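Below: the structure, in structure tokens.
Excluded from the calculations below are hydrogen atoms, water molecules and symmetry mates; all remaining heavy atoms, backbone and side chain alike, are included. Below, read A as the first sequence line, B as the second, and so on, with proteins coming before strands; counting in each chain starts at 1. Source: prediction; values computed, not measured.
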Amino acid sequence: MHEWALAEAILTTAAQIAEVEQLREVTCVTVRLGELQDAELGILKFALNEMKSDLFKNAKFRFLRAKTELSCRACGNHWRFKKEKLDPVTVEAIHFVPEAAHTFIKCPKCGSPDFEISSGRGIWFDSIQGVK
Amino acid sequence: MMIDPRVNVIAKRLVNVKRVIAVSSGKGGVGKSLVASTLALVLKNEGYRVGLFDLDFTSPSTHIILNVPLVAPKEDKGLVPSLACGISYMSLVYFIGENPAPLRGIDVSNVLIELLAITQWGNLDFLIIDMPPGIGDILLDLLRFINRAEFLIVTTGSLLAFETVKKQVVMLCELKTPIIGIMENMQQTPNICCSIEDKTKKLGLPFLGKIVFDPNVESAIGDENKLLNTSIGQTLKHVVKNF
């Protein structure tokens with residue numbers, strides 16, 4: 001996912017949660033980032049700072065990297081995604097749409113494209129903290 | 001707290017899109033992609049700002065119909081669709097080229113959410129969506145994320161096509177989804193017992209028109225002006241007057 005779109009999605013979602021939780025100020029947002037999507041942390045943090053409202057003026061944004069694990073549905077093989085083995089154009093395609101992995105990656109054991117991204121696909125909220 | 005934040009920006013991406021029209025059918029091979037692409041061209045020629053979004057991720061073809069150059073979309077707080085024939089165009093092919101996309105249901109849903117979340121459509125009068133056949137993941141996800149989408153349903157004169165269309169219509173009606181109407185494509189001989197027009201009226205839906213089988217359609221693929229002169233283009237010029 002594009003970092004600016006991602007930043008907007010994080011802030012929109014955090015604001016919705018803050019409203020439900022009746023937080024008047026958000027102090028910490030923790031997000032889990034899958035390595036498959038390969039988001040640039042520097043750009044993401046910059047975008048968050050540029051776009052954030054007063055609700056987040058003192059908020060810290062923490063990012064937890066999640067390893068990407070793939071499981072072959074055809075032969076049951078499990079393996080770790082390593083972007084170093086891919087060319088830059090493929091890495092860029094997977095960055096924008098992680099499911100492009102099914103086009104460019106095959107099971108190293110049997111060659112099948114029918115695998116599950118069992119962890120580390122995209123982004124997920126881990127936690128949000130704030131002042132009521 | 002396993003919340004996917006992508007879904008929360010989808011409505012924002014479409015806030016300046018006035019109407020979303022999903023060109024759909026219960027059956028494959030009835031000409032949805034040709035109708036969707038030509039509809040986008042006709043509306044653009046009428047002076048509207050038009051987008052075309054190919055949601056047939058495993059069998060995309062609108063980029064071939066409109067001869068879209070596979071140049072990566074520009075980045076500006078997301079991805080800005082490239083202009084093809086004056087139409088804002090988005091498709092998975094920008095990312096995977098002409099390679100196969102073997103996607104299961106959950107993957108299809110994820111691609112849709114991702115593209116909806118990152119695509120900056122801007123100001124559009126119409127966003128035309130080329131749907132895959134049937135009432136599977138994409139249709140259900142479209143209803144979930146763009147519940148104001150209106151459906152233009154395409155069929156042929158074949159009983160087999162219309163029976164699947166009926167199932168789709170029943171489901172959409174149960175969900176109170178707006179249906180613009182049904183079009184008959186590739187009409188070759190008059191229907192013997194009961195015309196598609198009559199069958200459409202029995203369903204309580206508007207019949208938008210019949211597109212006579214045009215042998216020139218195949219040679220018009222990739223050529224905007226030729227597409228507009230096919231029976232599909234000519235019929236759609238009349239249809240959009242009632243939009």
Side-chain angles (χ1 to χ4, degrees), chain A residues 1-17 20-21 29-34 36-37 40 43 47 50-51 66 73-74 89-106 112-119 121-129, chain B residues 1-15 53-55 57-60 70-81 90-121 137-138 141 145:
Chain A
M1 191 173 184
H2 191 275
E3 283 82 0
W4 280 83
L6 178 54
E8 189 182 2
I10 290 169
L11 291 171
T12 304
T13 305
Q16 286 177 2
I17 296 168
V20 171
E21 301 287 324
V29 177
T30 305
V31 174
R32 207 169 278 275
L33 290 173
L36 184 65
Q37 195 134 42
E40 282 274 350
I43 300 173
E50 289 289 305
M51 298 169 84
R73 290 190 179 96
V89 175
T90 301
V91 171
E92 180 82 346
I94 294 173
H95 166 63
F96 284 121
V97 184
E99 283 64 36
H102 292 280
T103 292
F104 300 111
I105 297 174
K106 306 281 185 282
S112 172
D114 185 13
F115 56 83
E116 181 187 0
I117 304 167
S118 43
S119 66
R121 180 208 168 274
I123 56 168
W124 296 92
F125 258 68
D126 194 78
S127 65
I128 181 168
Q129 294 167 306
Chain B
M1 186 189 284
M2 294 298 278
I3 296 171
D4 182 350
R6 297 175 300 169
V7 299
N8 292 317
V9 289
I10 290 174
K12 286 186 178 184
R13 299 286 179 262
L14 296 165
V15 73
F53 193 6
D54 194 329
L55 295 193
F57 297 140
T58 56
S59 309
L70 296 187
V71 179
K74 283 185 186 161
E75 295 183 37
D76 186 4
K77 297 183 177 171
L79 295 182
V80 179
M90 180 54 81
S91 168
L92 183 61
V93 296
Y94 281 135
F95 309 97
I96 63 166
E98 296 294 358
N99 298 295
L103 301 172
R104 286 180 179 265
I106 182 68
D107 305 315
V108 165
S109 291
N110 266 321
V111 173
L112 177 63
I113 295 169
E114 201 74 36
L115 290 179
L116 285 172
I118 63 175
T119 305
Q120 299 280 7
W121 287 104
D137 298 274
I138 285 289
D141 281 331
F145 295 116

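- Under the 4.5 Å side-chain criterion, counting only non-hydrogen atoms from C-beta, W124(A) is in contact with D4(B).
- In this structure, the separation between CG on D126(A) and CD1 on I3(B) is 10.5 Å, given to the nearest 0.5 Å.
- Looking at every heavy atom in both residues, A117(B) comes nearest to A5(A) through O-CB, 3.9 Å.
- Contact annotation for R32(A): neither backbone nor side-chain heavy atoms come within less than 4.5 Å of a heavy atom of chain B.
- Interface remark: I96(B) contributes backbone and side-chain atoms alike to the contact with chain A (heavy atom separation under 4.5 Å).
- Taking 4.5 Å as the limit, every side-chain heavy atom of E50(A) sits out of range of all side-chain heavy atoms of K77(B).
- Here the CG-CG distance, from D114(A) to D107(B), works out to 8.5 Å after rounding to the nearest 0.5 Å.
- In this structure, the portions of P102(B) lying under 4.5 Å from any heavy atom of chain A include both its backbone and its side chain.
- Annotation for K106(A): atom NZ counts as buried by contact number, over 12 foreign heavy atoms lying within 6.0 Å.
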Starting from the C-alpha separation in whole Å, work towards a yes-or-no answer on side chain to side chain contact (heavy atoms under 4.5 Å, CB included) for N99(B) and F104(A). CA-CA 9 Å; N99(B) 298 295; F104(A) 300 111; 3.8 Å; yes
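- A heavy-atom distance below 4.5 Å is not found between the side chains of V108(B) and E99(A).
- Contact annotation for L92(B): only side-chain heavy atoms (C-beta onward) come within less than 4.5 Å of a heavy atom of chain A.
- Shortest non-hydrogen contact noted between F125(A) and P5(B) is CE1-CB, 3.9 Å.
- Using a 4.5 Å cut-off on side-chain heavy atoms (C-beta onward), N110(B) and P98(A) make no contact.
- Here T13(A) is the residue among T13(A), V89(A), T30(A) with the most heavy-atom pairs under 4.5 Å with chain B.
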Between E114(B) and Q37(A), is a side chain to side chain contact (heavy atoms under 4.5 Å, CB included) present by the stated rule, with each step listed? CA-CA 11 Å; E114(B) 201 74 36; Q37(A) 195 134 42; 3.0 Å; yes
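- Nearest heavy-atom pair across T103(A) and A101(B) is OG1-CA, 3.7 Å.
- Using a 4.5 Å cut-off between heavy atoms, E116(A) makes no contact with chain B at all.
- E8(A) and K12(B) are joined by a salt bridge, as a carboxylate oxygen and a charged side-chain nitrogen come within less than 4.0 angstrom of each other.
- Atom CD1 of I118(B) sits about 6.5 Å away from atom CZ of F96(A), to the nearest 0.5 Å.
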